[in-house]
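Have a look at the structure below, then the notes.
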Amino acid sequence: MRCYCVQEHGAPLQQINLPIPEPQGTEVLIKVHAAGLCHTDLHLWDGYYDLGQGKKLSLAERGVKPPLTLSHEISGEVVAYGDQVADLAVGTQALLHPWIGCGACRYCKNEQENLCLKPQQLGIVKPGGFAEYILVPHPRYLVDLQGLDPAQAAPLACAGLTTFSALNKFGAQIHQQPVVIIGAGGLGLMALTLLKAQDAHGAILVDIDDAKLQTAQQLGAIATVNSQVADASQQLNALTDGGAAFILDLVGSRSSLEFALKTAARGAHIVVCGLMGGEIQLPIPSIAMRPITIQGSYVGTVQELRALLDLVRERDLKMIPIQTRPITEVNQAFDDLQQGKVTGRVVLLHAS
Ligand SMILES: [Zn+2]
Ligand SMILES: [Zn+2]
């Protein structure tokens with residue numbers, strides 16, 4: 001099978017030929033149709049995460065070394081499976097849940113594989129979608145694609161799931177109060193779409209870019225605030241009757257979280273899933289006395305991915321604009337993403 005592999009960090013991906021893997025036991029062999037390119041793939045290609053202030057987190061230290069087959073946003077069809085798999089039809093179209101754990105630890109046993117300390121994620125630790133075929137360790141990681149386009153659905157496994165899981169942390173209260181969303185980029189617009197699809201009270205989008213805020217307004221935000229104007233927090237206070245009860249921080253920087261804390265109401269719930277980085281200083285008594293909840297959110301579970309696909313199917317949601325390209329253009333796609341030339345998501349298609 002053809003595989004487009006990172007043989008050396010930062011160098012163009014190489015097309016190499018590898019044997020088609022043979023599924024054993026509970027494993028399922030998938031023929032890949034579509035594989036999304038995410039910002040995380042750029043970090044994996046580079047070999048490090050930039051933590052700011054000259055600090056770098058090396059991926060080799062975390063056991064991620066070339067050769068790498070990237071892409072964790074994968075859809076395809078079942079072509080074979082091991083002898084311990086029952087009730088699975090060859091030809092089934094599926095989106096793959098990539099956030100796979102070890103299967104044995106307390107998180108994995110509690111259906112929180114995305115929190116596993118020995119992760120086996122597809123396209124990060126294990127081979128991903130930039131190859132013609134991929135092995136999945138168990139059929140439970142296949143989410144039925146019935147009625148959905150494989151390329152449109154691919155980014156739901158990462159960007160879509162991250163946003164959906166973060167919003168789920170607020171629970172049913174989203175029907176009573178607006179959610180303030182910090183960051184009106186791709187994830188912010190997805191969060192807005194998901195809130196509308198769940199008939200939530202509404203979303204107030206915050207960003208530093210007026211053009212993005214205008215798009216959010218057109219897509220149905222109940223209000224928008226540019227956080228760089230002098231009276232931004234007063235504006236937000238007025239819009240939320242004296243302080244935001246629910247804040248989703250999709251940026252995750254010092255300035256975004258400081259803004260969230262400044263505009264939070266008493267008893268507010270702040271969910272952080274942005275990873276821009278930095279650190280904050282927070283007076284401890286304010287946590288108790290205000291009293292606020294700051295919660296993190298990292299990707300999501302396979303149950304959430306199933307629920308997300310059901311919602312997208314039922315409400316016919318357009319979650320993220322995609323551009324499709326043949327897999328042979330994968331290196332140009334990396335260059336374009338790195339140079340900021342991509343709006344939405346690039347999804348690479350394998351020849352059928
Ligand atoms: Zn585990
Ligand atoms: Zn991703």
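Atoms within a ligand are numbered from 1 in the order they appear, just like the ligands themselves. Nothing fancy with the numbering, it's 1 onward along the sequence.
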Quiz item: Is Leu161 linked to Leu96 within one hydrophobic cluster, defined over Ile, Leu, Val, Met, Phe, Trp and Tyr using a side-chain heavy-atom separation of less than 4.5 Å?
Solution: no
Quiz item: With ring centroids as reference points, do Tyr48 and His43 lie under 6.0 angstrom apart?
Solution: no
Practice problem: Answer yes when Glu258 and Arg254 have at least one side-chain N-carboxylate O distance shorter than 4.0 Å, and no when they do not. | Solution: yes
For residues 325-338, which side-chain donor-acceptor pairs fall under 3.5 Å, sequence neighbours excluded?
unit_1, atom_1, unit_2, atom_2, d
Arg325, NE, Glu329, OE1, 3.0
Arg325, NH1, Asp336, OD2, 2.8
Arg325, NH2, Glu329, OE1, 3.3
Asn331, OD1, Leu13, N, 2.7
Asn331, ND2, Leu13, O, 3.0

Exercise. State whether Lys56 and Asp46 are salt-bridged, where the test is any N-O pair (Lys NZ or Arg NE/NH1/NH2 against Asp/Glu carboxylate O) under 4.0 Å.
Key: no
Quiz prompt | Pair listing, salt bridge (Lys or Arg N to Asp or Glu O under 4.0 Å) test, anchored in residues 264-276, at least two apart | solution = none
Quiz item: Can Asp144 and Arg313 be said to form a salt bridge (Lys or Arg N to Asp or Glu O under 4.0 Å), step by step?
Solution: CA-CA 11 Å; Asp144 201 325; Arg313 200 180 284 118; 5.2 Å; no
Quiz prompt | Cut-off under 2.8 Å, centre the Zn ion (ligand 2), protein N/O/S atoms | solution = Cys38 SG, His72 NE2, Cys158 SG
Quiz item: At distances under 2.8 Å, what protein N, O or S atoms surround the Zn ion (ligand 1)?
Solution: Cys102 SG, Cys105 SG, Cys108 SG, Cys116 SG
Quiz item: Less than 4.0 Å between a side-chain N and a carboxylate O, is that true for Glu132 and Arg2?
Solution: yes
Quiz item: Is Arg140 salt-bridged to Glu113, cutoff N-O under 4.0 Å?
Solution: yes
